[in-house]
There are 2 protein chains.
Amino acid sequence: MVPQAPNRPPRLRRSRADIRERLLDSALVEFGAKGFDGASTRAIARRADAHQPQINYHFASKEALWFAAVDHLFELFGRAMDGIVYPEPDDLPAVADALAEVIRRFVRFTAAHPELHRIMMHEATEASERLTWVIARHVRPFYGALMGVWGRLRAAGIAAPIDDAMIHHVLTGAVSFPFVSAPAVRLLTGTEPTDPAWIERHADGVVATFLPGL
Amino acid sequence: MVPQAPNRPPRLRRSRADIRERLLDSALVEFGAKGFDGASTRAIARRADAHQPQINYHFASKEALWFAAVDHLFELFGRAMDGIVYPEPDDLPAVADALAEVIRRFVRFTAAHPELHRIMMHEATEASERLTWVIARHVRPFYGALMGVWGRLRAAGIAAPIDDAMIHHVLTGAVSFPFVSAPAVRLLTGTEPTDPAWIERHADGVVATFLPGL
DNA sequence: GTCTATAATTAGATAGAC
DNA sequence: GTCTATCTAATTATAGAC
């Protein structure tokens with residue numbers, strides 16, 4: 001019974017203050033690529049250059065890590081919408097301009113952070129506590145804001161003829177699917193959805209299509 | 001050493017000729033809800049009222065089951081498009097009518113079989129052999145057909161101003177996202193995406209939005 | 001707080017009785 | 001072809017040295 005095996009590799013200690021943030025970023029990529037069940041905590045830790053048990057140390061569980069990572073990402077999304085000026089509801093052309101700006105920022109954010117809607121897509125295919133939580137906490141505010149103006153924009157002939165109850169998901173699908181499916185876009189079209197010109201063309205197209213009366 | 005334990009449950013034999021098809025249908029639901037990695041062969045077998053090893057008997061592996069199930073589903077999709085009359089390419093109004101009919105059938109099929117684009121979404125978030133295979137085998141033909149007419153419809157002022165390289169994914173996202181995310185739609189809007197009236201309103205909205213010059 | 005070791009569970013696949 | 005039992009590997013989580 002030797003107290004220390006002779007050829008055990010030396011214990012490397014990699015102390016870093018930002019390990020929590022690195023784990024959050026890594027979790028977003030892995031959850032976005034594989035979904036909650038498909039992603040493994042080992043892969044998340046490896047990508048963050050950490051050890052698997054550190055996830056249970058810095059977060060309570062795999063699920064707690066998921067909630068923290070999604071909170072973090074929606075915080076970034078909210079920040080991307082900062083500074084939008086919401087005009088008087090009766091000034092419909094100004095409302096349309098503001099919505100166009102929201103759509104453009106939505107496109108750019110989704111291009112920069114495809115993980116958000118990748119995770120939403122993975123989750124939205126099946127009812128779950130995680131889905132209920134993310135919708136109540138993060139999605140409903142944006143849905144409510146769009147509901148408040150879409151009907152009036154349609155009546156004024158500015159917005160495309162899509163039902164109020166459907167516009168949120170139709171618009172979200174049109175905006176985010178090319179970035180969520182970026183690997184498929186590359187295979188199918190040979191174009192690069194992270195190219196800035198690609199992103200702006202996509203934003204122009206979506207705005208012109210969904211707000212044709214602008 | 002008793003040759004037969006006394007209280008072992010009796011061996012129930014459930015022989016069914018349609019077990020292969022039941023496994024395919026079950027696999028589509030489970031792969032659609034959880035993705036390839038998240039779905040378990042035990043859950044797939046349970047839903048088909050079969051035993052887990054029967055998957056390895058009737059199919060070579062979990063992956064072979066995935067390929068067979070996706071092949072089966074795209075076969076149904078192709079059948080849903082049967083009978084579409086493709087007019088002369090120069091008769092643009094007739095081409096637009098045909099495309100509108102394709103979109104309507106696409107909407108109805110996705111409503112009836114949300115598993116197809118659920119599986120596509122799960123797969124498209126990460127490059128893989130499965131993604132490469134399904135795009136080359138099943139997606140590219142439809143992409144090619146749309147490419148052939150979209151530019152001319154745009155030039156004629158019939159189609160919405162979306163780039164040729166983007167229209168496939170923008171349209172697919174707009175059509176399928178509400179059905180792929182049906183659990184989210186129910187939570188967020190309180191409406192039911194499988195309701196026939198809902199489906200037709202969605203089809204009308206997408207056709208009018210993407211083919212405004214019709 | 002980081003690390004090794006491992007417990008407890010579950011995964012896909014296989015062997016062989018029936 | 002169906003079924004029970006089981007193998008091997010991978011999973012999340014925990015215990016305890018450092």
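Reminder, nothing fancy here: chain letters follow the sequence lines and each chain counts from 1. All values below were derived from every heavy atom in this structure, side-chain atoms included, with hydrogens, water molecules and symmetry-related copies excluded.
- Summarising the geometry, the separation between CG on B/Leu65 and P on C/dA11 is reported as 15 Å, rounded to the nearest angstrom.
- Using a 4.0 Å heavy-atom distance criterion, B/Ala45 is classed as making no nucleic acid contact.
- When heavy atoms are screened at a 4.0 angstrom cut-off, A/Ala64 is found touching no nucleic acid atom at all.
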What protein N or O atoms touch nucleotides 6-10 of chain C N or O atoms at under 3.5 angstrom, if any, and at what distances?
none

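- An OP1 or OP2 oxygen of C/dC3 is reached within less than 4.0 angstrom by a side-chain nitrogen or oxygen of A/His51.
- Nearest heavy atoms, B/Thr209 versus A/Pro161: OG1-CD, 3.8 Å.
- Side chain of A/Lys62, nearest nucleotide from D/dA13, D/dT2, C/dA15: D/dA13.
- Distance, A/Asp37 CG to C/dG12 P: 11 Å, rounded to whole Å.
- For the pair B/Lys34 NZ and C/dA11 C1', the computed distance is 14 Å after rounding to whole Å.
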Q: Kindly determine whether B/Arg118 and A/Glu126 satisfy salt bridge (charged side-chain N to carboxylate O under 4.0 Å, His left out), including the steps that lead there.
A: CA-CA 10 Å; B/Arg118 280 182 189 153; A/Glu126 190 179 40; over 6 Å; no
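- Not less than 6.0 angstrom separates the ring centroid of B/His51 from the ring centroid of B/Tyr57.
- Here A/Phe77 and A/His138 keep their ring centres 6.0 angstrom or further from each other.
- Among the protein residues, B/Ile19 comes within range of the sugar-phosphate backbone only, with heavy atoms under 4.0 Å from sugar or phosphate atoms but none that close to a base.
- Rounding to whole angstrom units, CH2 of residue B/Trp66 and C1' of C/dA11 are separated by 20 Å.
- For the pair A/Arg137 and A/Phe74, the cation-pi test (distance below 6.0 Å, angle within 45°) is failed.
- Here the closest heavy-atom approach between residue A/His169 and residue B/Pro178 is recorded as CB-CG, 4.0 Å.
- In this view, A/Arg46 satisfies the side chain to side chain donor-acceptor pair (under 3.5 Å) rule with no residue, not counting sequence neighbours.
- The interatomic distance linking B/Asn56 (CG) with D/dT4 (P) rounds to 16 Å, in whole Å.
- Rounding to whole angstrom units, CZ of residue A/Phe59 and P of D/dT14 are separated by 15 Å.
- In terms of modelled atom types and a separation under 3.5 Å, the side chain of A/Lys62 and the main chain of A/Ile55 share no donor-acceptor contact.
- For DNA chain D, the stems formed by at least three consecutive Watson-Crick or G-U pairs, with both atom-pair distances below 3.5 Å, span C:1-18 with D:1-18.
- The separation between B/Glu30 atom CD and C/dA11 atom C1' is 14 Å, rounded to whole Å.
- Comparing atom distances between the B/Tyr57 side chain and each of C/dT14, D/dT2, C/dT4 picks out D/dT2 as nearest.
- Taking side-chain N and O atoms only, A/His58 has no distance below 4.0 Å to OP1 or OP2 of C/dG1.
- With a 6.0 Å radius and a threshold of 12 heavy atoms from other residues, nucleotides or ligands, A/Glu21 has its CD atom at or below the threshold.
- The side chain of B/Gln54 lies closest to D/dT2, out of C/dG12, D/dT4, D/dT2.
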